[in-house]
Amino acid sequence: MIPLISDTETQPTPAMREVMASAEVGDEQKGEDPTVNRLLAQTAALLGQEAALWLPGGTMCNMIAIKVHTRPGDVVFADTMSHIFRAESGGAAITSSVMLEPVDSERGIFTAKQLDEARARAQACPEPYAAPLGLVCVEQTHNFGGGFVWTEDQLTSVAGAAKTLGMPIHMDGARLLNAAVASGVPASRFGGLMDSVWIDFTKGLGAPIGAVLAGNQSFVDQARRYKQAFGGAMRQAGIAAAGCLHALEHHVERLAEDHRNARVLAQALAGMPGVVVTNPQPETNMVFFRVDPGLISHGELIDTLAQRGVALGDAGAEIRAVTHLDVTSETLALAVDKIRDVLTAAEARVA
Ligand SMILES: *Cc1c(COP(=O)(O)O)cnc(C)c1O
């Protein structure tokens with residue numbers, strides 16, 4: 001099976017498994033796991049922040065950051081299709097009792113003006129009717145938007161607007177390193193603009209477990225308390241952190257390969273019968289496309305290709321294909337042929 005559903009599908013490589021098996025470990029909950037501590041120091045520096053916290057995954061990073069930055073009833077601004085809004089099972093409401101206010105955006109990237117429009121909506125009534133302003137969240141790269149990259153200028157502008165409004169700003173950086181590799185801007189420059197920021201090691205970086213949340217020391221101290229409360233504290237977590245350290249060393253620069261493969265895929269899809277590619281020039285590792293329903297339904301296309309060994313993602317009105325460590329340019333070419341075969345056959349059937 002050629003796995004194009006998500007970059008979470010990556011299998012740990014033999015080299016990664018080897019360093020994990022021999023990792024030096026201790027009690028992570030007590031701050032005594034040397035491998036975790038090494039990863040935290042390295043990731044804090046990578047993200048342009050003072051300190052960092054080891055967590056089981058990205059969803060908990062978002063949950064804890066929102067908890068630290070807000071009080072119940074506060075308004076949290078996030079773009080309409082952000083992961084925080086659409087893919088965390090209502091977690092921000094459950095754990096922080098906040099009001100989420102959607103911000104309009106251009107495929108996930110919003111401007112200071114769009115943030116202010118959302119702010120004006122949230123404050124349509126004067127105090128004490130309106131809820132207090134709590135936090136601004138951005139997503140780098142933007143997942144459901146198509147893997148688009150916030151430029152440094154765009155982020156600087158929105159971070160400035162948040163500051164003017166008296167709100168901290170948080171980055172869901174699940175794929176921040178894809179953004180850094182694609183733009184050539186170091187992750188620390190993006191991360192340094194934020195009050196909190198995290199990266200996921202289980203997406204394009206290819207590790208099986210782990211995310212790291214960073215901020216200043218005071219933020220991380222408060223975050224640690226919620227990590228304990230939410231059940232995110234671990235024991236000999238160095239086994240997992242060793243995989244993350246390995247990923248930082250070996251799997252970052254190669255993300256450029258995934259981005260190249262995504263561009264190749266988008267270009268090939270654009271020439272196939274009935275296909276409209278939503279992001280014909282992918283900036284990172286995601287391609288979103290639609291197929292003329294008169295030719296074949298998305299469901300039938302996905303099922304038929306699955307039977308032929310190509311797994312594609314059903315993303316609502318679109319189909320999503322994601323390139324990663326376990327998709328080489330050779331296997332991708334094979335997938336392209338199979339997709340073209342199915343669509344060509346569908347076209348002949350209709351004609
Ligand atoms: C995957 C993802 C998350 C959640 O991370 P997990 O490690 O799966 O909990 C959050 N935000 C974005 C943009 C993601 O893609």
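Keep in mind it's a predicted model, so treat the numbers as computed, not measured. In what follows, residues are counted from 1 in the order of the sequence shown. Atoms within a ligand are numbered from 1 in the order they appear, just like the ligands themselves.
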Measure the acute angle between the ring planes of Phe110 and Trp150, then classify it against the limits of 30° and 60° as parallel, tilted or perpendicular. perpendicular
Less than 6.0 angstrom separating the ring centers of His246 and His251, yes or no? yes
When rounded to the nearest 0.5 angstrom, what distance separates CG in Asn143 from OG in Ser6? 7.5 Å
In terms of heavy-atom contacts, Val310 and Ala335 come closest through CG2-CA, 3.9 Å
N/O separation below 3.5 Å, Glu88 to ligand 1: no
Select one of side chain, backbone, both or neither to describe which atoms of Phe201 lie under 4.0 Å from any atom of ligand 1, heavy atoms only. neither
Near Gly57, which atoms of ligand 1 are under 4.0 Å from a heavy atom of that residue? 7 (O), 9 (O)
Side chain or backbone of His142 under 4.0 Å from ligand 1, or both, or neither, by non-hydrogen atoms? neither
Heteroatom proximity flag, Glu139 to ligand 1, N/O under 3.5 Å: no
Nearest-neighbour protein heavy atom for atom 2 (C) of ligand 1, which is reported as residue plus atom name and distance: Lys203 NZ, 2.3 Å
Assess Trp198 for proximity to ligand 1: is some non-hydrogen atom of it under 4.0 Å away? yes
Tell me which protein heavy atom sits closest to atom 6 (P) of ligand 1, plus the residue, atom name and distance to 0.1 Å. Gly58 N, 3.3 Å
Less than 3.5 Å between some nitrogen or oxygen of Asn143 and one of ligand 1, yes or no? yes
Taking distance alone, with N or O pairs closer than 3.5 Å, would you say Met60 contacts ligand 1? no
To check your reading of the model: name the closest protein heavy atom to atom 5 (O) of ligand 1, its residue, and the distance in Å. Asp200 OD2, 3.0 Å
Would a distance-only check, ignoring hydrogens and angles, find a side-chain to backbone donor-acceptor pair under 3.5 Å from Thr43 to Leu40? no
Which residue pairs pass the side chain to side chain donor-acceptor pair (under 3.5 Å) test when at least one of the two sits in residues 213-222, sequence neighbours left out? Gln217-Asp221, Ser218-Gln222
